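Below, chains carry the letters A, B, ... as their sequence lines are ordered, and counting in each starts from 1. Computed over heavy atoms, backbone and side chain alike; hydrogens, waters and symmetry mates excluded. Being a predicted model, the structure only gives us computed values, none of them experimental.
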Amino acid sequence: MKIDRRSFLALGVGVVAGNALSPVPAILTDDIAIWTQNWPWVPVPEIGGSAYADTTCQLCPGGCGISVRKVEERGVKIEGKKDHPVNNGGICALGLSGLQLLYGPTRVKTPLKRAGKRGEGKWIKISWDQAISEVAGKLNDLRSQEKAHTVAGISGSSSGTMTEIFRRFLTAYGSANFFHTPSIQDTYRLVFEFMHGKKADPGFDIENADFILSFGSSLLEGWGPPVRMLKASKKWKDTATKIIQIEPRLSRTALKAERWIPVTPGTEAVLALSLCHVIIKEGLYNKDFLANSTFGFEDYKAKNGEIKKGFKQLVMDDYSPEAASKITGLDPAAIILLAREFAKASAPLAIFGKGQGILPGSLSEAMAIHALNALCGSINRKGGIFALDVLENKELSEVALDGIAEAGLKQHKLVETPHNSSGCLNQAFSAILKGNSVNALLVLEANPLYTLSDSKSVKDAFDRIPFIASFSSFMDETAQYADMILPNHIYLERIEDVPLSMGFPKTVIGLSKPVFKPQYSTKHAGDTILLISKELGGSIADSFPWKNYEACLQHVLSDKMDVLKKKGFWTATDSFPDFKNAFRTASAKFEFQTDSLSSDLVNVKIEGDETYPLVLIPYETIRLSTGYIANPPFLTKAVEDTILKGKDSFIEINPKTAQASGFSEADMVLLQTPKGQARVRVHLEEGIMPGIIALPRGLGHTAYDNYIADKGINVNQLIGPVNDPVSGLDTAWGIRAKLSKA
Amino acid sequence: MKQEQGHSKAKKFGMVIDLDLCTGCGSCMVACMAENNVPFKEDETDKLKSITWMRIFKFSNGKTYPETDVCYLPRPCQHCEGHGGHSPCVSVCPATATDYDAHTGIVSQIYTRCFGCRYCMGSCPYKARYFNWFDPVWPDGMEQYLSPDVSPRMRGVVEKCSFCYHRYQIAKDKAHYEGQTEIEEDAYQTACAQACPVKAITFGDLNNHSHAVSKLKNQPNAFRLLERLGTNTKVYYVSGREWVRRAGDNYLKAEWPKKTS
Amino acid sequence: MDSALIPNGVRRCSINKFMIALAIAGAVLLWGVYAMFLCWFKGLNQTNMNDYYGFALWIWADLAIIALGGGAFFTGFLRYIMGKDELKNIINYAVLIGFICYSSALLILAIDIGQPLRGWFIFWHANVHSMLTEVAFCLTCYFMVLTIEYIPLILENKQIDKVPFFHHLSHNMHSVMAVFAATGAFLSFFHQGSLGGVAGVLFGRPFAFREGLFIWPWTFFLFTWSAAAYGPCFTLMVTKITEMVTKKKLVKDNVVELLAKISGWMMATYIIAKIIDTYYWANVTAPSLGFNIMHFYSNNSFYGLWILFLEIILGGVVPAAILITEKGRKNSLARNTAFVLAVIGVCVNRWVMVLQVMAVPVMSFDTWALYYPSWQEVATTILPVAYGIILIMISYRYLPIFPQEPELNPVD
Amino acid sequence: MFPFNFEWIWDMSHIVFMGGLWYALTILGLGMTYCIIKTIFDIYKGDSHHDQGHH
């Protein structure tokens, strides 16, 4: 038959109709729906046997015990470890996000050598042998040119075998320029050095204190071991412990405190001494302790014979509630009331230090507050503050030196202070900017380019250092700006001792164990250092006789290792001698350091003049990681939209203050300080003192991954260091600032 | 939605959250994300497009400095029972993709069944339901941490808190192998309750008198969100602060302090 | 050129003019289709909807066009069941408009769901307690009815009618049309209602929630009623527009006035019921749940009492008043104004029952969520309009839509 | 939708709802079938009725 239009149409219609009546459409519809339920681009997690592996978290100095849930070789969840002295099953949001770091895009997967300009992000992958021989070669050259002392090292932590090995390496190499990321621990150690005459770390028995006076410590925002503190807050509620939070901002701690006392920031020491004034005046102090175990309470004769004003006289003269009221902005009656409450409490405890303790803070302030504890005898007793002997591994501190090393160590150090200066990192960089040469910088688990204040100058200093090598596991700001990266295993892949962070009332060491085999071509920084030293040979190699880091750890902690391996942590049996033998000062007593408490010292100044009408303070929130570790995606997801929206940071400001300058919620404003400026958004918050603006730490990263980079402002760009006259540590709790329409 | 017949009494899993303990630290949020394979994007600051089964609300007493006070309120799915299992969402889902399980009191969500009409989201006064506006994407390699107990959701479906139902199933199996008829209280805990550092979240069977929640929920300071709507939720909140309790529901000026009706 | 297809006894514009007009409408259509495919392939992240705004512009468009399409079932109801025979002169157009509205509604629903390929689950796994299920079923069934009612119209095309099969088929379908119309009316009463139910049953949303009868909240009946009342106004409005475009009188005034009168009275009674409902809700329902009525109309930058006024007074009382009075009906300006106001009124009502419901915070510490549509949403919402215009153009050109046209515009 | 879907419950709401649905579908189905069959007959009868056309 001939195919005309009509029959063709008929055919078409027939075909369509036929199909429509057949089961084909039904089957297709069904198949398509099934396909949407198994889209190939939606991952299907592999099933398998599930088991838990315990280790210690190292994402903050808290040292919580964690249990990692594994399905075959994959880690699927991190949970808090039950019956662990620190966190007993609890866990923080950062710890929970750990696996996103293990598998995340921010890992450095193999040794890298810079190809493009610094910070440009152009790298070439190199072998471990090449990486190690190149670093060793560089160091060898410097050594042979007798420039050993121009090599500097920065460690993220101030204790633990890794830090000690690192320091040991530098010493054996011939450089005294070893630094660590500063923290409040440095200041406290000086407090104990001055007042107790011994090397000690503070332990706060907050679980047993019944009246806690916190001078701005964000106890529930990541202070000390964060989870331990959060757990304590439950205990406080159960036992009706009184927490008094002194700070200009209604932080989480202030929220949970029984009372929030906003005082003019920087005047906390004055308040403390004024409390002492009332306590002494009303004779509420611990007479026995003061009479028998302290020196410098009454006036005393100094070595040169002159009569010096004692603590008692000093505070009676200069720190009356009325006088203090003018400075702190606190009503005298309130001061008197607070003093009485504190002194009459059975276990009062005063805690020094703003925020998480990232800022070392003023030594005078610390001593003023410690004096307050002393007045009430809250030292080395239940519910008080303990002076815990600093953990040190002698095996690692004594080093055999060759000639070059000895010569190098004699050289002028980057930072010269009467005390241990390894926490004066800011000064190290300003020294470099002043012209002191550093030819090589080694960075271990630290990120000074981000965490140090006045980040711009730090970067300038970096530009003057010809060679920077980082051991970082992540592409952090410092690593990104380095010349070579020798990536470390991350905490879940390596063995390491984790001495508990400052603040825990007992000396505890945790052990982090390799829960996973290394995901990438990384190397334990300990082994890397050992290999470099072998490469350098001579007395340096001799200083590291162990075949690898684990062997070294085994040797150094031999007495604790079994317990560590079995329980995952080791607890010292700290004993506290009675007050007769507790102090190693010249007087063998607790010494009030009156000359550090003069009014010019205790009022902690910040940078800036009247042209900046406002005061900018950084604050910490537990949903933002502030240290070397940046926020993993989950944690960032939990950040409120009143802190970060899109790429904009929000400043907290009191509605009154905002109104005065005509700003309303979410307005974009220009925030200027003597150190720099930034565009930020306004968040009106009743919970902040008028005249103060607060910006969170932990944002404004320029490195890591797209999930955190270029979000918000790094407050360190806006604040510069203010060095403590005595300790030389950074005391800049804020900076003067102004806002204008942007 | 018929009541279960049989010897063992129907369970009614629920929570009691102490708002005076809660510090808003965010552990519950992240624990939930990690446990339930919740996806994430580069920018999660638009909270109206950010999947957080457990979301922490923050609100204040409205007073000015320095009298101001703030409360953090963790909000999982409230697992409404409504009237006889007719919770707001279950009764509206056209495809029976979300259901009220009379044996456990848990409101389920069947991702492969849901066709994304979002009627359930409109019906939920707690905003506890979230839509997958985007394809879930894990950066290369990160999909390794996905848990096999919870299937990742595809674009275009609604998801929400399940009270970690998979943990219930695991606990049940375990109990079965060990020849027990009942599961222990601590054998089935949600990820958020387990992670909470201050133990502000207590989870258990509201019908079982040996479980802590059954007592805690009867405290004088206990309340539920929007009780007046008749959603009949299974998440109780506790606070000693009157203004917080008041914020739990809506009242006309004349109505507070609350009349017991 | 296409004169062979054009009905006898009527004049149509030149094919070129027609094609140009078609092209313009077609361009808009394509824009919408592009947006539609974006939504299908990239997902609903193409819209500005969010977790607070699960329902937005699209659902509003759905409710609105279905309400407006109500003219079809109600006119059919009046003609076939109530025996208002004059209405045969407008029923064709009513059916066509209804057909356009309902097909558009179904299309929008297909775009609106996150998993279009699973759309049929609503039938397969139907949950009979869900108003949406009721909507889906009735909508689909009634769409079948409209198709059945539209087919004979197509068959009356000069050329098609030549085919004996089609000729007889159209005749036979006409003869049993009453049955179909009755079924359609039955279905419509339900799905129009269930659309109202969609909002009314949300007992978690005090702004939408209403008590009711059995399983049906008052909104169920109000929606049916309003669709019946306002639908014909839309039919008449579109008729008027068509007359303006074609510069011809297409339907006799007595027909228009009859429908307008009925519509007016329906509207009047509806608006009274609506006012009572609103009053009761504001003074009993909402307060019993702890809400002061002003809670729903304050503390936000958009929704205020004005919208209530716009819906009830301007969009209800005023047009009703015009249409129930002889003078108002007879004055074409007043009458047409009434149509427009009525259309606005019903659209605002549907808007409120969808978007404002989503915007109002329920938890005391929650916040208002305002929303503006993305261009993709707008485009896909305009798509049906373009589609409708095209279908009307073609149908008007080639089909005897208006029985009175030859008589009113004799070709000499 | 069908008794063999596992959600199907023989309770009142189902019977009313599905009853209504299938009732409507049946009417439409039968109606159309009737028209088509009758049309086929008409063609064979070959009688046309332009006298009582409908426009």
Side-chain angles (χ1 to χ4, degrees), chain A residues 36-37 39 41-48 71 74-80 87 89-93 96-97 99-100 102-105 220 227 230-231 233-234 237 250 252 255-256 260 262 622-623 633-641 644-646 654 656 686-690 705-707, chain B residues 20-21 23-27 29-31 33-35 37-38 40-47 50 52 56 58 60 63-72 111-112 135-156 191 194-200:
Chain A
T36 67
Q37 295 165 342
W39 274 342
W41 58 87
V42 178
V44 180
E46 268 175 55
I47 56 166
V71 171
R74 303 188 298 120
V76 297
K77 179 93 186 291
I78 295 181
E79 289 165 6
N87 58 314
I91 182 164
C92 76
L96 279 156
S97 317
L99 292 173
Q100 293 193 314
L102 175 70
Y103 297 121
L220 302 181
V227 178
L230 289 166
K231 290 200 156 300
S233 78
K234 178 172 176 19
K237 183 158 176 283
L250 185 66
R252 282 186 170 79
L255 274 177
K256 295 298 154 188
W260 168 43
I622 194 159
R623 296 192 204 171
F634 276 159
L635 193 55
T636 312
K637 186 169 179 171
V639 171
E640 300 96 321
D641 56 0
L644 178 73
K645 182 91 179 168
N654 187 293
K656 285 192 194 60
E686 288 292 350
I688 188 166
M689 194 180 230
D705 50 32
N706 299 345
Y707 297 88
Chain B
D20 297 342
L21 280 179
T23 61
C25 72
S27 283
M29 291 178 79
V30 175
M33 295 176 205
E35 178 75 23
N37 296 340
V38 175
F40 55 89
K41 311 184 293 293
E42 280 187 14
D43 183 352
E44 287 284 0
T45 59
D46 178 357
K47 300 305 178 190
S50 178
T52 47
I56 299 180
K58 181 185 180 186
S60 90
K63 294 217 179 84
T64 58
Y65 173 91
E67 273 76 40
T68 181
D69 188 8
V70 169
C71 176
Y72 289 98
Y111 312 123
T112 49
D135 278 305
V137 179
W138 283 270
D140 191 23
M142 232 197 240
E143 68 282 347
Q144 285 184 81
Y145 74 62
L146 293 178
S147 158
D149 304 332
V150 185
S151 54
R153 282 71 62 187
M154 64 290 292
R155 177 231 291 166
Q194 174 196 29
C196 179
V198 295
K199 292 271 160 274

List the atom of A:Pro690, the atom of B:Tyr65, and the distance in Å for their closest heavy-atom pair. CD-CE2, 3.5 Å
Quick check: does any side chain N or O of B:Thr112 sit under 3.5 Å from a backbone N or O of A:Gln37, one acting as donor and the other as acceptor? no
Engaged part of B:Gln194 at the chain A interface, taking heavy atoms whose separation is under 4.5 Å: both
Close side-chain approach of A:Pro45 and B:Pro152, heavy atoms under 4.5 Å: yes
CG on A:Leu635 to CD on B:Glu44, rounded to 0.5 Å: 12.5 Å
Picking from A:Leu99, A:Leu255, A:Val42, which has the most non-hydrogen pairs under 4.5 angstrom with chain B? A:Leu255
Do the side chains of B:Leu146 and A:Val76 get nearer than 4.5 Å, heavy atoms only? no
Keeping B:Gln144 on the side-chain end and A:Arg74 on the backbone end, is there a donor-acceptor pair under 3.5 Å? no
Could you tell me which non-hydrogen atom of A:Tyr103 sits nearest to which non-hydrogen atom of B:Gly141, and how far apart they are? CB-O, 3.7 Å
Interface residue of largest heavy-atom contact number with chain B, from A:Gly90, A:Ser233, A:Gly80, A:Pro633, under 4.5 Å: A:Pro633
Under 4.5 Å heavy-atom distance to chain B, tell me which part of A:Glu46 shows up: side chain, backbone, both or neither. backbone
Which pair of non-hydrogen atoms, one from B:Ser27 and one from A:Ile91, has the smallest distance, and what is that distance? OG-O, 2.7 Å
For the candidates B:Glu143, B:Glu35, B:Lys199, B:Arg153, which exhibits the highest count of non-hydrogen atom pairs separated by less than 4.5 Å from chain A? B:Glu35
Pick one of side chain, backbone, both or neither for A:Ile78, based on which atoms fall under 4.5 Å of a heavy atom in chain B. neither
Please give me the minimum heavy-atom distance between A:Phe634 and B:Val38, naming the atom from each residue. CE2-O, 3.6 Å
Measuring from atom OG1 of B:Thr52 to atom NZ of A:Lys637, what distance do you get when rounded to the nearest 0.5 angstrom? 6.5 Å
In terms of heavy-atom contacts, A:Trp39 and B:Arg155 come closest through CZ3-O, 3.8 Å
In Å and rounded to the nearest 0.5 Å, what is the CG to CG distance from A:Leu250 to B:Asp69? 7.0 Å
Applying a strict 4.5 Å limit to non-hydrogen atoms, the region of A:Asn654 in contact with chain B is side chain
Closest non-hydrogen atom pair between B:Val198 and A:Leu230, with its separation: CG1-O, 3.0 Å
Honestly, the part of B:Lys41 sitting under 4.5 Å from a heavy atom of chain A is backbone
Just verifying a value: how many Å separate B:Tyr145 OH and A:Lys77 NZ, rounded to the nearest 0.5 Å? 12.0 Å
Find out whether B:Asp135 and A:Trp41 are in side-chain contact, i.e. whether some heavy atom of one side chain is under 4.5 Å from a heavy atom of the other. yes
Check each atom of A:Leu220 against the heavy atoms of chain B and say whether the ones under 4.5 Å are side chain, backbone, both or neither. side chain
Rounded to the nearest 0.5 Å, what separates atom CG in A:Asp705 from atom CE in B:Met142? 6.5 Å
Could you tell me which of B:Gly26, B:Ser50, B:Ala195 has the largest number of non-hydrogen atom pairs under 4.5 Å with chain A? B:Ala195
Look at B:Ala191, B:Gly156, B:Ala31 and state which one has the largest set of heavy-atom pairs under 4.5 Å with chain A. B:Ala31
How long is the span from the CD atom in B:Glu42 to the OG1 atom in A:Thr636, to the nearest 0.5 Å? 11.5 Å
Under 3.5 Å, side chain of A:Lys256 to main-chain N/O of B:Asp20, donor-acceptor pair present? yes
Under a 4.5 Å heavy-atom cut-off, does chain A meet the side chain of B:Met33, its backbone, both or neither? both
According to side chain to side chain donor-acceptor pair (under 3.5 Å), who are the partners of B:Thr45, at least two apart in sequence or on a separate chain? B:Asp43
Taking side chain as everything from C-beta outward and backbone as N, CA, C, O, which of these in B:Tyr111 sits under 4.5 Å from a heavy atom of chain A? Side chain, backbone, both or neither. neither
Ignoring hydrogens and angles, tell me if any N or O in the side chain of A:Lys231 forms a donor-acceptor pair with the backbone of B:Pro197 under 3.5 Å. yes
Any ion pair linking B:Lys63 and A:Glu686 (charged N to carboxylate O, less than 4.0 Å)? no
Examine distances only and state if a side-chain atom of A:Arg623 and a backbone atom of B:Gly24 form a donor-acceptor pair shorter than 3.5 Å. yes
Test item: B:Leu21 and A:Lys237 side chains (from C-beta on) under 4.5 Å apart, heavy atoms: yes
